[in-house]
Amino acid sequence: MIEAYEYSDYNQAMQKMKELEKKNKKYKILIYTIDYDQNEESKKITTPAEGCKLIKKAKTIFLNRDEIIEHMQLYSTIQDIEHINREGIMHDIILPHLKE
């Protein structure tokens, strides 16, 4: 299994969302949200455009390019990939795999 967990920047993350919209207007993403400060979690299925709004607010973005499930983690706080703190809000966006 190929897995690449890495920092991503705003432009890379936005490009990923735009690719989804461009390939198929019907693509949906799953956003799983954890608010560590309020000890709450939620999930919703929505559009890549909603993902773009969250990317704009993120202070740290991680991208996991797993060959089975690709996802993007957006943090409301600055994080270190080697030591992630449970603070603020984290949005985990599960991305559909696009066939090339």
Side-chain angles (χ1 to χ4, degrees):
M1 178 187 319
I2 298 171
E3 183 175 330
Y5 193 64
E6 60 196 27
Y7 284 105
S8 181
D9 66 20
Y10 171 85
N11 292 329
Q12 289 174 314
M14 290 298 274
Q15 180 181 353
K16 198 73 172 160
M17 289 294 136
K18 299 291 183 191
E19 285 174 12
L20 291 175
E21 287 182 322
K22 187 177 176 182
K23 291 263 185 182
N24 187 334
K25 297 286 184 195
K26 295 180 183 178
Y27 273 126
K28 298 289 185 186
I29 58 173
L30 170 65
I31 301 176
Y32 178 71
T33 301
I34 299 174
D35 184 332
Y36 292 111
D37 298 336
Q38 300 298 317
N39 200 28
E40 297 176 347
E41 58 184 68
S42 63
K43 62 183 174 222
K44 69 178 174 178
I45 296 173
T46 189
T47 64
E50 185 72 22
C52 289
K53 291 177 187 176
L54 295 174
I55 290 168
K56 289 177 183 177
K57 297 178 184 178
K59 292 203 170 106
T60 304
I61 303 170
F62 297 138
L63 183 59
N64 183 332
R65 298 179 191 265
D66 187 281
E67 66 184 39
I68 305 298
I69 298 176
E70 188 171 18
H71 65 104
M72 184 182 305
Q73 292 178 325
L74 311 174
Y75 290 87
S76 65
T77 58
I78 295 173
Q79 295 285 345
D80 178 350
I81 201 166
E82 298 297 325
H83 182 72
I84 297 172
N85 294 313
R86 293 181 179 195
E87 57 187 32
I89 298 172
M90 187 273 300
H91 301 284
D92 195 357
I93 301 177
I94 309 299
L95 305 167
H97 263 290
L98 304 175
K99 293 183 179 179
E100 299 301 321

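- The CD1 atom of Ile93 sits 11.5 Å away from the CD atom of Glu70 when rounded to the nearest 0.5 Å.
- Among the candidates Lys57, Lys56, Glu50, the single residue satisfying the side chain to side chain contact (heavy atoms under 4.5 Å, CB included) test with Lys53 is Glu50.
- In terms of heavy-atom proximity, Ala58 sits nearest to Leu74 at CB-CB, 3.9 Å.
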Distance-only donor-acceptor hits, side chain of residues 35-42, under 3.5 Å, sequence neighbours excluded:
unit_1 : atom_1 : unit_2 : atom_2 : d
Asp35  : OD1    : Asp37  : N      : 3.1
Asp35  : OD1    : Gln38  : N      : 3.0
Asp37  : OD1    : Gly88  : N      : 3.2
Asp37  : OD2    : Gly88  : N      : 3.3
Glu41  : OE1    : Tyr32  : OH     : 3.2
Glu41  : OE2    : Tyr32  : OH     : 2.9

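- Thr77 meets the side-chain hydrogen bond (donor to acceptor under 3.5 Å, both in side chains) test with Gln79; sequence neighbours excluded.
- Of the inter-residue distances, the one linking Thr46 atom OG1 with Lys28 atom NZ reads 6.5 Å to the nearest 0.5 angstrom.
- Cluster annotation: Tyr10 is connected to Ile31 through the hydrophobic network of ILVMFWY side chains, with a link wherever side-chain heavy atoms come within less than 4.5 Å.
- Distance check, rounded to the nearest 0.5 Å: NE2 of His71 to CD1 of Ile94 gives 6.0 Å.
- Taking OG1 from Thr33 and NZ from Lys44, the interatomic distance works out to 7.0 Å, rounded to the nearest 0.5 Å.
- Once rounded to the nearest 0.5 Å, the distance linking CD1 of Ile55 with CG of Asp9 reads 10.5 Å.
- When all heavy atoms of Ile29 and Thr47 are compared, the closest pair comes out as CD1-O, 3.5 Å.
- Across all non-hydrogen atoms, the minimal contact from Gly51 to Met17 is CA-SD, 4.2 Å.
- Scored by the salt bridge (Lys or Arg N to Asp or Glu O under 4.0 Å) test, Lys18 finds no partners at all (sequence neighbours excluded).
- Between Asp80 and Phe62 the shortest heavy-atom distance is C-CZ, 4.1 Å.
- Between atom CG of residue Leu95 and atom CG of residue Leu63 there is a gap of 7.5 Å, rounded to the nearest 0.5 Å.
- For the side chain to side chain contact (heavy atoms under 4.5 Å, CB included) with Tyr75, the qualifying choice from Ile61, Asn85, Thr60, Ile89 is Thr60, the only one to do so.
- Nearest approach of Met72 to Ala13, heavy atoms of both residues: SD-CB, 3.8 Å.
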